[in-house]
Structure formats: C-alpha cells, structure tokens
Amino acid sequence: MGKFQVVTHPLIQHKLTILRQTSTGTKDFRELVNEIAMLLGYEISRELPLEDIEIETPITKTIQKTLSGKKLAIVPILRAGIGMVDGILSLVPAAKVGHIGMYRDEETLQPVEYLVKLPEDIDQRQIFVVDPMLATGGSAILAIDSLKKRGAGAANIKFVCLVAAPEGVKALQAAHPDIDVFTAALDEKLNDHGYIVPGLGDAGDRLFGTK
Ligand code: URA
C-alpha cells in the first residue's frame, strides 16, 4: 500500500486557514496556493535520493551530496492544478511540466479526459500529480490511469493536494493502492453537490477569479 500523509507543518496549517476564508481574494488565494504547494513540495522532497560527488571549493577538493535518481515531472490536473505548479517549480526549477485536462460529463457526471501533454520521457521520471482538491477522486484516478498507461511506474507517482475528503482518499487508494498521497488537510466529508466540507469552495474559480 502506498503512503497516505497529512502534512501538518504549522506554516501550512496557518496558510490553509487563510486560504479557506471567503474573505480571501483572488490575488492572496493564488499566492497562498503556491506557498502551500511549495511547503508540501519541501516535505515530500525529503525522500529524494542523494549521491556523493567530488567537487572543488576555492580551498580544496571534497566529496559532497547531490540529488541522484530520477528527474522530476510536475503534472497539474487542469484547471486548478495549475495553481500549484509555480510553488513546486521554485524548489525544483529544472522539473518538466505535463498537463492533464478533464471535464465532467453532464450526463454521467464522470470525468472525461480531453488533454494529455506530457514530457516524452515521463516513464523515466518521478512524478508529482497536483490538484488542490481531492473530492470524489474521479479526476485523480483518471489522471493516474493515464500516466500508468503511458509507462509511469506506480512507485514514481505521488499525488499532492491541499484539501482531501475521506471519500476521495478511499476511492483513490482503492483504484491506485500503489501510489503515495499527500495532503495539507483531511476534511470532514463531501456535501450533496460534491464540495468538500468545510473545504474552501471551488478552487479553480477562486484561483482564476471566475465566479
Ligand atoms: N473541487 C473544488 O474546487 N472544490 C471542492 O470542494 C470539490 C471539488
């Protein structure tokens, strides 16, 4: 079973409390999403492997640590996932960014994939799939299906969100028990309209000012 972790750093909790408030406007919301994503990225990247290299300082030759292993890809689920990309890129500026777009079919209410644009070597990369809200889990499940279909190994996929509903975590873990899931908060439940309670409303609308 993959790891499930609520990342409870005090700065993350503080920023998330501001993010949730109705009174927080688009500019602050956008900045906070990026800041929380960066802090989540910092925690998650603790596990990246290191190797020794020899370097030369102005004083002497020395053996020091450098990141080894797979290169990174950040894959936002459109639209709201875009809000988390810059925060993580500020930590790992060389990461490539893929996009997975989905819309909700009005009749079946199921997510339908309309765009997949990934780095060519996605099967060789460590992947952070990002979406602020893990609600029903439908989009996350489909996005990870899509990555696995293109050769991404489960051990290389981490799903990263800001707020998760228990229903979404359960569905995602049932569909993809082999990936790691990280969130800044595990909320109470989903309401009848598919919103997370207490949540923060529609993350995409609040990020882009489209309400
Ligand atoms: N998507 C959102 O943006 N907010 C929710 O509460 C649930 C899904």
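First listed ligand is number 1; within each ligand, the first listed atom is number 1.
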Query - Taking every non-hydrogen atom, the tightest pair across C161 and L134 - result: SG-CB, 3.8 Å
Check each N or O atom of ligand 1 against all protein N or O atoms and list the pairs under 3.5 Å, with atom names and distances to 0.1 Å, one per line.
unit_1: ligand 1; atom_1: 3 (O); unit_2: A203; atom_2: N; d: 2.8
unit_1: ligand 1; atom_1: 4 (N); unit_2: G201; atom_2: O; d: 2.7
unit_1: ligand 1; atom_1: 6 (O); unit_2: I196; atom_2: N; d: 2.8

**Report entry** Other ILVMFWY residues reachable from I53 by side-chain steps of under 4.5 Å
**Finding:** I55
Report task. Using a strict cut-off of less than 4.0 Å between a Lys/Arg side-chain nitrogen and an Asp/Glu carboxylate oxygen, indicate whether K149 and E113 qualify as a salt bridge. Result -> no
Query - K189: salt bridge (charged side-chain N to carboxylate O under 4.0 Å, His left out) partners, not counting sequence neighbours - result: none
Report task. List for me each residue that meets side chain to side chain contact (heavy atoms under 4.5 Å, CB included) alongside A155, sequence neighbours excluded, and say none if there are none. Result -> none
Query raised in the report: Do the charged groups of K70 and D121 touch, with an N to O distance under 4.0 Å?
Result: no
